[in-house]
Amino acid sequence: MSENAPESGLEFSVETVLTHHGRVPDEQFGFVNTPVYRGSTVLFKTLDDLEGQQQRFLYGRAGNPTTEQVTQVVTLLEGAHDTILAPSGLAAVTIAILSCVSAGDDILITDSAYEPTRSFADGFLKRMGAGARYYDPRIGAGIADLIGENTRAVFVESPGSGTFEVQDLPAIAAATHARGAKVIVDNSWATPLFYKPLALGADIVVHAGTKMFVGHSDAFAGTVSSVDEETSAAIEKTRRLLGFFTAGDEAFLVARGLRTLSIRMAEHRKRALEVAQWLESQPEVSRVLHPALPSHPDHAVWKRDFTGSGSLFSVLLRPAPRESAAAFLDHLRLFSLGYSWGGYESLCIPVKPERMRTAVPWTEEGNLLRLHIGFEGIEDLKADLADALERYARAR
Ligand SMILES: *Cc1c(COP(=O)(O)O)cnc(C)c1O
């Protein structure tokens, strides 16, 4: 969005960065897109070249021209010092966390985090002797009371996966920095077009590039961007030690997706909000969890810190047995039932926060469904949901 340009400190608007940066046609015989580079070995001409390590590319695992165009664009969009690519969004999360946390350390994670982020903390960090504690996503400056001597990082995901609590990042960042710990933000929902965590105090921003960056449900990738040289070096070292890299084929698809990110996000934003507003007026709906709706409890924080909203929100249906949820989900004609999100097609999936929440138990009654609004005709989507709500009511 061009209105983001002044804060971002970019010479150009983000639309121009997305369309023009990261690619150098003169180095590719004039072809518009940087092609897929596949390669492990990179050749050196002399022993001096080999030992000097000054060559632009040294070994395929450390990157190639296809991966570099993605990291350059994301670095500019996030206003970061640097960005690395990871093989998936989850790998981006694990690299970011492992760059801060060692045995004996401790990390605070929002209770609203993406479930596999929690599984990594509980199933891996704890095994290596690091602590992971969960906090109320609405804690704000109160995070100060939880930060202990060994706390190295606070993990923020805003809005939360499935439940869409918006976090007070500036307050969390101020309290965390005062205790010398780092703030990691999962920014997959808003993308850097609508939320700039580094400008609001974060040190590290991760993306599930699989979602909005790729945009077509056909590739996996993650990115980790960092605010300064020291943080970037710790992240790159962690990536290198773990052996994580992203192949040229995947990076090509991320780059291709990024070229149209601003127009896709503008459409997703408009459509998701329209469907969310329409759902609010439906009798089977008790609540729509979309931060851009004035009815959302964190609407004011969202309005203060974000410049737009994403494709994804949840709807809480009035309490009804599992058969009602099945009646809703099993006969959808356009919405499909499946994991992930960010593609051109609409998706719907049940969410069960009561099964994982530990800091703030989820007590809301009713069936919670997460919707991703794609590019089908908007009236067709509403008709699909209207039929589903009717089936839901009949099966109650
Ligand atoms: C999907 C997702 C991830 C993980 O991305 P993958 O590419 O599927 O590993 C991380 N964070 C959020 C918020 C996500 O939705």
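Every number for a ligand or one of its atoms is a count from 1 in the order of the listing.
Nearest to atom 14 (C) of ligand 1 among the protein's heavy atoms is Lys211 NZ, 2.9 Å. Looking only at protein heavy atoms, the nearest one to atom 9 (O) of ligand 1 is Leu90 N, 2.8 Å. Here the heavy atom of the protein found nearest to atom 4 (C) of ligand 1 is Tyr114 CE2, 3.3 Å.
Taking the ring centre of Tyr134 as origin, the terminal cationic atom of Arg118 falls inside the region bounded by 6.0 Å and 45° from the ring axis.
The closest approach between any non-hydrogen atom of Tyr339 and ligand 1 is not below 4.0 Å. Contact between Asp186 and ligand 1 is present, with at least one heavy atom of the residue lying under 4.0 Å from the ligand.
Taking all atoms of both residues into account, the shortest heavy-atom contact from Trp189 to Met265 is O-CE, 4.0 Å. The two atoms that bring Val205 and Pro197 nearest to each other are CG2-CB, 3.7 Å, heavy atoms only.
Between Ser311 and the options Arg269, His372, Arg264, a side-chain hydrogen bond (donor to acceptor under 3.5 Å, both in side chains) holds for only His372.
Interface of Glu157 with ligand 1, defined as ligand atoms under 4.0 Å from a residue heavy atom, comprises 13 (C). Listed by number with element, the atoms of ligand 1 under 4.0 angstrom from any heavy atom of Trp341 are 15 (O). Atoms of ligand 1 found under 4.0 Å from any heavy atom of Ala208, numbered from 1 in the order shown, are 2 (C), 3 (C), 4 (C), 5 (O), 10 (C). Each of the following atoms of ligand 1 lies closer than 4.0 Å to a heavy atom of Thr210: 6 (P), 7 (O).
Checked against a 3.5 angstrom limit, the closest N/O atoms of Phe220 and ligand 1 fall outside it. On a distance-only criterion, Ser161 and ligand 1 share no N/O pair closer than 3.5 Å. At least one N or O atom of Gly89 sits closer than 3.5 Å to an N or O atom of ligand 1.
The ring of His290 has its center no closer than 6.0 angstrom to the ring center of Phe164. The distance between the ring centers of Tyr195 and Phe306 falls below 6.0 angstrom.
The environment of CZ in Arg38 is sparse: at most 12 heavy-atom neighbours from other residues, nucleotides or ligands sit within 6.0 Å.
Using a 4.0 Å cut-off between charged nitrogen and carboxylate oxygen, Glu68 and Arg56 count as a salt-bridge pair.
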